[in-house]
Number of protein chains: 4
Amino acid sequence: MPTGPDRVDPRITRSRRAVLDATLAELAARGYGGLTIDGVATRCGVARSTIYRLWPDRAALVADAIDALNEQPPPLPAGDETPRERIATLVRHLADAMRSSPVAACLPALIDGAERDPTVRRLHHHYNDRRRAALVAAIAAAVETGDLRSDVDPELAAVAVAGAVVYRRLMTARPLRDDEVEPLLGTVLGW
Amino acid sequence: MPTGPDRVDPRITRSRRAVLDATLAELAARGYGGLTIDGVATRCGVARSTIYRLWPDRAALVADAIDALNEQPPPLPAGDETPRERIATLVRHLADAMRSSPVAACLPALIDGAERDPTVRRLHHHYNDRRRAALVAAIAAAVETGDLRSDVDPELAAVAVAGAVVYRRLMTARPLRDDEVEPLLGTVLGW
Amino acid sequence: MPTGPDRVDPRITRSRRAVLDATLAELAARGYGGLTIDGVATRCGVARSTIYRLWPDRAALVADAIDALNEQPPPLPAGDETPRERIATLVRHLADAMRSSPVAACLPALIDGAERDPTVRRLHHHYNDRRRAALVAAIAAAVETGDLRSDVDPELAAVAVAGAVVYRRLMTARPLRDDEVEPLLGTVLGW
Amino acid sequence: MPTGPDRVDPRITRSRRAVLDATLAELAARGYGGLTIDGVATRCGVARSTIYRLWPDRAALVADAIDALNEQPPPLPAGDETPRERIATLVRHLADAMRSSPVAACLPALIDGAERDPTVRRLHHHYNDRRRAALVAAIAAAVETGDLRSDVDPELAAVAVAGAVVYRRLMTARPLRDDEVEPLLGTVLGW
DNA sequence: CTTTAATCGAGACGGTACGTCGGGTCTTTCT
DNA sequence: AGAAAGACCCGACGTACCGTCTCGATTAAAG
């Protein structure tokens, strides 16, 4: 009987998916330090021993879950008309995410986890860099087309704009609303 | 008739101080969810029972420690010459803090704690609002004196600048260096 | 339909036995009021939580241990020749027990425990009644055969003889020696 | 310079008395292992520090209390007519004591304490020997006068009678009643 | 009387045990 | 052969006291 081409037991795939989802939910609900294998198992109705069979320890599980969280390709708003509109769209998208997406829900846990675990830190920084890149590109394009002053540093500008949105989510009681995006861009980019 | 002496046992003050310091250190080292009364007691060489005599539970201790953390008035650089210089000083100060201060060490824990505990949340937001106020005032003054365009919203501008510094600390591997402050202000405020 | 296998996890039986033994040892060493779950756990190298899983609290554990202590059927010397010899054997056996058996080691703890806890009291009295019954029967038999005066009350005679042995163990510095048994019977039963 | 008449601060005498009484009450209520300085202090309304000032530790306090307990000379029924009547009186007295006196209330505690603490043991045995002596003397007198067989060993007979009374108090649910004293003497001494 | 000195009540402190909860490892049983 | 169940050890929780200790506040004795 030939061994299949790396066939994986469907039960495993099923368990894997359920556990990862539950892990993200627990991460959002209890944070990095509050996450518990037992909590995850209870949430997804799987036995603890199953989790321990599939991941060596808590750290590996969390890392795997974060990976899964970020690999879900965010519905990138593609092919906008002008750089200016594209920037507005991207920031609005980010502001929206900071108010309701799974990533935002896990953000405090991610930040805390990044502080304690090198692997989490690497993932966290990596995915932020990737996400920021689109904004940097749009801003650079705007500089290119003359929509922005040429002395604008695209990287710093992107950090400022994204930073404002993140800051409002993490450091204040009021996340940035959609209608505050335009004033923000007006103030920061001089529009 | 003068108010009574209201003497407080010096042993209490001593214990209180030691425990709060240790709590902040543990918060920085293990995070909000990882903090443990046992850990705090061990770190400062105080008996667990002493901690429970002075605070009803973990939550109260953490809240108190955060309060103590913020009430140490940071050496505000006061009375600068021009608004412009004052802004630069404030931001440089913030960038510096994000690289080395106790507050920055505890920041991930604070963010995580704010997400889980309403009291921590209130404190966290309150102190951030207070700290940001100085920057807002300086920017408003710059608008007043014409150093900044009149269409600049001081609150949003402050959020963008502070947000950039915080973003670099929390979301990337490279906190903002001092020599990046000027380029940041150049880009965001058009200087 | 036969009763199910009713298998009990061998680990449980093992822990149970170890804990009960240690409890008796602690009872002998520290007494009823000095017994400590921590002490028992330490003595038998079992985790405290294991004890709490098997018994609801200290009282239940002690009661169970006392039960176990008494259920080990003492090697009753059975089927002696004459009632007279049987009485002597029984008393010698008791005197011996009062000098060295586990029961004697725990006796002060049992008496103290009986004074504080109704359950212990019930067990203590029950097992004493049971143990005394053999002596009462032998004395009654001796009365029957004319070996003892007919006005001897077997119950009181048994109490006097057993009482003497117990008294010497609990109230004096010198437990009754084997060679004192014959004189005791001579004096009390007129032999 | 002659030392004063060893005056002792009346506050001390007062505290001392109150504490010793409370100690005996606690011994009766909680036993030797359950006795607690705090319990004693609470019971007699004295501060813990006062107790610790007057006695070095728990052991000394207990020993002192036991001493006080036994030094209250029991109202010895003196000068009876015949040895036989005197014996009956003494045993009735003991039976009575085993049902209601402070000594009987503390007896389990004393037995337990004697097992753990050499000092308590010494006191316990000493006072029992003293109390038993009267009975031994009365029995010896009865032998002398021919009221008892000459082969009766007064010491063993006294132990048997006293032992019966003590046994019924400590090992059974029914302490010896007054009307059981005569049958007991009838059976044991052949009356 | 007032001063002086001791006793006293109060309670902070480092500990230890309580009984509870839950975490991660590993064994046993079931399907 | 898995997965589910759950026993095991460990450690933190918050509570209750214990015995040590340091305090001011009282109260007795001496001047």
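Proteins come first, then strands; the chains are lettered A, B, ... in the order of their sequence lines, and each starts at number 1.
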Neighbour count >12 (heavy atoms, 6.0 Å) for atom CZ, Arg30(D):
no

Nearest 0.5 angstrom please: Ile51(B) CD1 to Cys44(B) SG, how far?
5.5 Å

What is the distance, rounded to the nearest whole Å, between atom CD1 of Ile51(C) and atom P of dC10(F)?
13 Å

Mark up nucleotides 12-19 of chain E, 5' to 3', with B wherever a protein heavy atom is under 4.0 angstrom from a base atom, S wherever such an atom reaches only the sugar-phosphate, and - elsewhere.
BBBB-BSB

Measure the distance from CZ on Arg30(B) to P on dG11(F) and round it to the nearest whole Å.
13 Å

Could you check whether atom CZ of Arg14(C) has more than 12 heavy atoms from other residues, nucleotides or ligands sitting under 6.0 Å from it?
no

Interatomic distance, Arg16(C) atom CZ to Trp55(C) atom CH2 [nearest 0.5 angstrom]:
5.5 Å

Short side-chain to backbone donor-acceptor contact, Thr36(C) and Gly39(C), under 3.5 Å
no

Within this structure, what is the CG-to-P distance between Leu61(B) and dA12(F), rounded to whole angstrom?
15 Å

